[in-house]
Number of protein chains: 2
Amino acid sequence: MSSISVENYLKNIYELEASEKKVTTNIIADKLKIAPASVTDMVKKLSSKGFLRHVPYKGVEVTEKGKRSALKIIRKHRLWEMFLVEVLHFSWDKIDDEAEAFEHIMSERMEQKIDEVLGHPVVDPHGDPIPSKKGIIRHIEYDPLTKVEEGTVVQVVRVNDAHPELLEYISKIGLFLKTKMTVLQRIKFDNSFIVKIGSKKQFLSQRMAESIFVQRV
Amino acid sequence: MSSISVENYLKNIYELEASEKKVTTNIIADKLKIAPASVTDMVKKLSSKGFLRHVPYKGVEVTEKGKRSALKIIRKHRLWEMFLVEVLHFSWDKIDDEAEAFEHIMSERMEQKIDEVLGHPVVDPHGDPIPSKKGIIRHIEYDPLTKVEEGTVVQVVRVNDAHPELLEYISKIGLFLKTKMTVLQRIKFDNSFIVKIGSKKQFLSQRMAESIFVQRV
DNA sequence: ACATTAATTTAGGTAAGCCTAAATTAATCA
DNA sequence: TGATTAATTTAGGCTTACCTAAATTAATGT
């Protein structure tokens with residue numbers, strides 16, 4: 001029904017580059033939920049326009065030009081997510097789809113207004129960095145919770161937003177961005193965690209811990 | 001490049017019904033800036049779906065079903081305009097295009113959040129009524145400034161938003177929604193006006209006065 | 001009333017972005 | 001190495017919302 005925009009392709013391919021060693025037609029098709037043949041079409045088009053580098057049967061790379069375009073849309077997406085949470089009081093597990101739609105129609109002026117109202121934030125509600133207007137990303141240092149030793153006090157600085165169900169669960173136990181907690185116990189059997197949030201003990205499975213990123217305090 | 005959605009057709013036709021005695025193919029084409037033949041296509045499609053009633057070579061009418069759909073999108077449009085002005089500090093002459101884009105992708109949830117944050121407003125920044133969720137419009141009584149006698153004190157309750165240039169000009173002279181002013185003089189020569197806004201005398205041409213709607217206070 | 005003019009519709013075509021099925025290429029492993 | 005398998009591309013098609021040009025219908029003025 002509704003088709004995928006050029007920037008949307010670039011954004012997704014750019015994001016895939018971070019998690020896949022080789023970005024292939026099938027991987028893109030899978031993420032965008034369209035047929036591989038359709039991806040080939042679009043990849044050819046975007047390559048001819050200089051957004052991608054494509055070696056047939058091999059894979060795809062985002063060019064500098066493509067990267068600029070991707071970062072622009074990522075900035076809009078994350079600013080809008082921030083806005084949804086801070087101003088419209090959405091909960092952080094329900095914002096991704098909304099932001100997906102809006103990012104494509106957000107004008108420069110709008111982007112600027114939102115940035116102002118929010119006071120020029122540098123991370124979105126999941127702790128992902130918001131690229132600057134010039135496309136610069138300030139990376140912060142952190143570790144997945146799985147790397148943390150028993151007894152350590154940590155602060156949550158990022159949560160993987162790929163699975164809303166995770167966000168929903170951890171909200172319920174009082175775990176948000178900036179939350180401080182103590183790692184009480186690492187259970188050897190399956191690498192799950194007992195942490196203390198506020199005065200309460202809470203459980204986190206290994207899969208959860210892998211998606212929660214923290215700094216030691 | 002970007003095509004016009006079903007709701008957009010309905011919204012525009014619905015709005016044209018208020019200002020034209022007969023809504024014809026050419027009038028629609030003109031407003032939407034597409035070829036008349038394209039309008040015929042779409043009108044046939046919307047008629048077959050029960051949104052419009054179409055008598056070939058004659059004209060078009062919005063059905064009850066079409067009206068419901070139009071009012072839904074108008075509600076979104078006006079809520080969003082209000083939001084742009086109240087929360088994002090846009091000026092009222094620069095919001096229409098922004099709202100145009102957003103109205104189509106605004107989810108129910110989003111509509112509700114915005115309505116809440118704004119405190120359930122009943123008019124948009126130009127004084128146009130915001131249809132309720134059920135599609136009910138509260139009409140208020142007013143006259144165009146052209147109907148007002150010399151010496152009367154009036155309050156602005158609506159301004160025709162069809163021409164951003166008008167909005168821009170009258171903002172400059174301090175005329176906004178809810179502004180109170182005194183009609184000092186009606187110039188017989190060309191029906192233009194001298195009004196007092198605050199302590200200053202300001203000029204309004206007849207064309208301007210026709211687009212400014214007021215209540216006597 | 002009828003010829004002219006203007007509005008509208010019909011017919012046929014285009015571009016985009018998707019699809020499926022078939023053909024091609026690359027990777028794997030016996 | 002060569003055959004099998006999996007990934008990718010090519011070929012051909014569909015739909016949608018637009019277009020232009022031609023045909024049709026309605027409205028207008030003498």
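Proteins get letters first, then strands, A, B, ... in listed order; numbering begins at 1 in each. Computed from heavy atoms alone, side chains included, the values below leave out hydrogens, waters and symmetry copies.
In this structure the side chain of B:Lys44 never reaches within 4.5 angstrom of the side chain of B:Ser47, judged on heavy atoms.
One can place CD1 of B:Ile28 at 13 Å from C1' of C:dA7, the figure rounded to the nearest angstrom. Taking atom CG of residue A:Leu52 and atom C1' of nucleotide D:dT9, one finds them 16 Å apart after rounding to whole Å. Distance B:Asp30 CG to C:dT8 P: 11 Å, rounded to the nearest Å. Regarding B:Leu46, its CG atom lies at a distance of 16 Å from the C1' atom of C:dT9, rounded to whole Å. The distance from atom CG of B:Asn8 to atom P of D:dT16 is 19 Å, rounded to the nearest whole Å.
Checking D:dT10, C:dT8, C:dA26 against the side-chain heavy atoms of B:Asn26 singles out C:dT8 as nearest.
When heavy atoms are screened at a 4.0 angstrom cut-off, A:Thr40 is found touching base atoms of the nucleic acid.
Considering B:Lys76, B:Lys133, B:Arg75, B:Arg78 in turn, B:Arg75 is the only one that fulfils the salt bridge (Lys or Arg N to Asp or Glu O under 4.0 Å) rule with B:Asp115.
A:Asn12 places a side-chain N or O within donor-acceptor distance of the main-chain N or O of A:Asn8, the cut-off being under 3.5 Å.
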Give the B/S/- string for nucleotides 15-23 of chain C, one per nucleotide from 5' to 3', where a protein heavy atom under 4.0 Å of the base yields B, of only the sugar-phosphate yields S, and otherwise -. --SBBBB--
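For B:Phe102 and A:Phe102, the gap between ring centers is short of 6.0 Å.
Here B:Thr24 reaches the OP1 or OP2 of C:dT8: one of its side-chain N or O atoms lies under 4.0 Å away. Put simply, A:Lys58 has no side-chain N or O that comes within less than 4.0 Å of OP1 or OP2 on D:dA7. Phosphate contact (OP1/OP2 of D:dT9, side-chain N/O of A:His54, threshold under 4.0 Å): present.
With hydrogens and angles left out, the side-chain atoms of B:His126 and B:Asp96 include no donor and acceptor closer than 3.5 Å.
The shortest heavy-atom contact between B:Lys58 and B:Lys22 is O-CG, 4.3 Å.
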